[in-house]
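Shown next, in structure tokens, is the structure this report addresses.
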Amino acid sequence: MSKSADAKSRKGYSTDVTNEEWEFCAPYLTLMKEDAPQRDYALRDIFNALRWQVRAGCPWRMMPNDLPRWDIVYQQARRWSKAGCFEVMAHDLRELARVAAGRNPQPSAAIMDGRTLQSSPESGARAGYDGYKRRKGSKVHVAVDTLGHLLALTVTPANEQERSQVAALAQAVQEATGDNVQLAWVDQGYTGQEAADKAAQHGIKLEVVKLQEAKRGFVLLPRRWVVERSFGWAARFRRLSRDYERLATTLSSMHWLAFATLLLTNVFRKS
């Protein structure tokens, strides 16, 4: 018996999807029949609980009692993650957002960068030490379009250099955009012929945006500020403020969910 009736009696959270948003999301998340006999909670309630968890960032076992049981949400999240539901949803929402902004559905340029997340006891076994940031943890390597929407993402130990992930990011970017991206702006961590050659193998030219040698205070770097803003968007989701996940694939999936959540707001709630 579904427990959605109990959910209707609770006060909603700001992270809950609207009816219009759920109508869009449901086809991506329905891996079995909604009325399957083994389902105890409505799929929408589980998705709302997962969105709350990623935004609030609390431990799984400390989820509020008015949400579906933590283990139910966790198990369903693993199924969605394994099926790539959030990634596909984010890509389709990105195209809708670009069209709404008067852009082509697929970008011709991208920005690449890496963000180091402090490790936790859960992720410490796969952590590395980032000497530049002086932090032990994981590094999230991303590529975004010129609007800041996520195109590709990989997760490595923090000691992994940005240039070593160029091939993987470039391949994923072209798969997501139909080989449409021709140029990628990067920082000086991507300097070198090897990185340029790996990008060129996938039809992408790397352009390094260098930091001014003489600077004082904060400097807004052309093009590169877009990906920094994307990192800022991700940091608003407390589950992504550190690496709390045992598996790198889970951390990656949580990022795709976060960007899909941002894009849902962008597409369906803009006035």
Side-chain angles (χ1 to χ4, degrees), residues 1-97 120 122 149-150 153 233-247 249-271:
M1 178 180 178
S2 174
K3 300 181 181 180
S4 58
D6 295 336
K8 290 180 180 179
S9 63
R10 73 171 176 83
K11 184 178 180 180
Y13 292 95
S14 61
T15 51
D16 288 355
V17 291
T18 64
N19 291 335
E20 189 179 18
E21 289 171 344
W22 178 244
E23 186 177 351
F24 176 87
C25 295
Y28 296 89
L29 303 176
T30 307
L31 303 180
M32 64 173 67
K33 293 182 178 179
E34 177 65 25
D35 58 352
Q38 64 267 45
R39 191 185 300 285
D40 289 332
Y41 295 90
L43 207 59
R44 180 173 177 173
D45 296 338
I46 297 174
F47 186 53
N48 281 335
L50 179 61
R51 281 165 54 102
W52 180 92
Q53 206 278 342
V54 175
R55 184 66 177 82
C58 81
W60 283 105
R61 290 173 174 79
M62 294 181 66
M63 289 182 63
N65 291 329
D66 61 343
L67 294 175
R69 286 195 347 244
W70 75 267
D71 56 318
I72 299 293
V73 180
Y74 174 80
Q75 290 171 9
Q76 187 60 50
R78 291 291 302 273
R79 296 187 189 101
W80 283 331
S81 176
K82 187 175 181 179
C85 298
F86 306 137
E87 184 173 352
V88 175
M89 187 191 304
H91 283 313
D92 288 349
L93 283 166
R94 169 178 52 78
E95 293 184 27
L96 290 175
S120 65
E122 286 76 15
H149 305 319
L150 192 58
L153 180 148
W233 290 342
R236 291 179 177 272
F237 293 80
R238 293 191 177 184
R239 189 77 187 186
L240 305 181
S241 62
R242 295 182 65 177
D243 185 358
Y244 292 108
E245 313 304 334
R246 292 187 183 276
L247 301 175
T249 52
T250 305
L251 180 61
S252 175
S253 181
M254 291 294 186
H255 276 80
W256 284 110
L257 173 58
F259 276 89
T261 298
L262 292 167
L263 281 162
L264 278 170
T265 302
N266 183 301
V267 172
F268 291 101
R269 302 193 195 184
K270 267 192 170 181
S271 56

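Position 1 is the first residue of the sequence; numbering continues from there.
The local environment of OH in Tyr74 is sparse, with at most 12 non-hydrogen atoms from other residues, nucleotides or ligands closer than 6.0 Å.
Side-chain contact between Trp233 and Phe259: present, with at least one pair of heavy atoms (C-beta onward) separated by less than 4.5 Å. Counting only heavy atoms from C-beta outward, the side chains of Glu122 and Leu247 never approach each other to under 4.5 Å. Side-chain contact check for Leu67 versus Val73: every heavy-atom pair is 4.5 Å or farther apart. When side chains are defined from C-beta on, Leu257 does not count as touching Trp80, because their heavy atoms never get closer than 4.5 Å.
Side-chain atoms of Ser241 come within 3.5 Å of backbone N or O of Arg238 as a donor-acceptor pair.
In this structure, Ala97 and Asn266 approach most closely via the heavy-atom pair CB-OD1, 3.9 Å. Looking at every heavy atom in both residues, Thr18 comes nearest to Arg44 through C-NH2, 3.5 Å.
Residues Arg79 and Gln76 have side chains that bring a donor and an acceptor to within less than 3.5 angstrom of each other.
Between the OG1 atom in Thr15 and the CZ atom in Phe47 there is a gap of 10.0 Å [rounded to 0.5 Å].
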Checking Asp66 against Tyr13 for the side-chain contact (heavy atoms from CB on, under 4.5 Å) test, could you report, in this order, the C-alpha distance in whole Å, the side-chain angles of both residues, the deciding distance, and whether it holds?
CA-CA 11 Å; Asp66 61 343; Tyr13 292 95; 2.9 Å; yes
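Taking the six-membered ring for Trp and the full ring otherwise, His91 and Trp256 have centroids separated by under 6.0 Å.
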List the atom pairs, with distances to 0.1 Å, where a side-chain N or O of residues 52-61 and a protein N or O form a donor-acceptor pair under 3.5 Å, not counting sequence neighbours.
{"residue": "Gln53", "atom": "NE2", "partner": "Cys58", "partner atom": "O", "Å": "2.5"}
{"residue": "Arg55", "atom": "NH1", "partner": "Arg236", "partner atom": "O", "Å": "2.5"}

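Judged as a side chain to side chain donor-acceptor pair (under 3.5 Å), and not counting sequence neighbours, Glu23 has no contacts.
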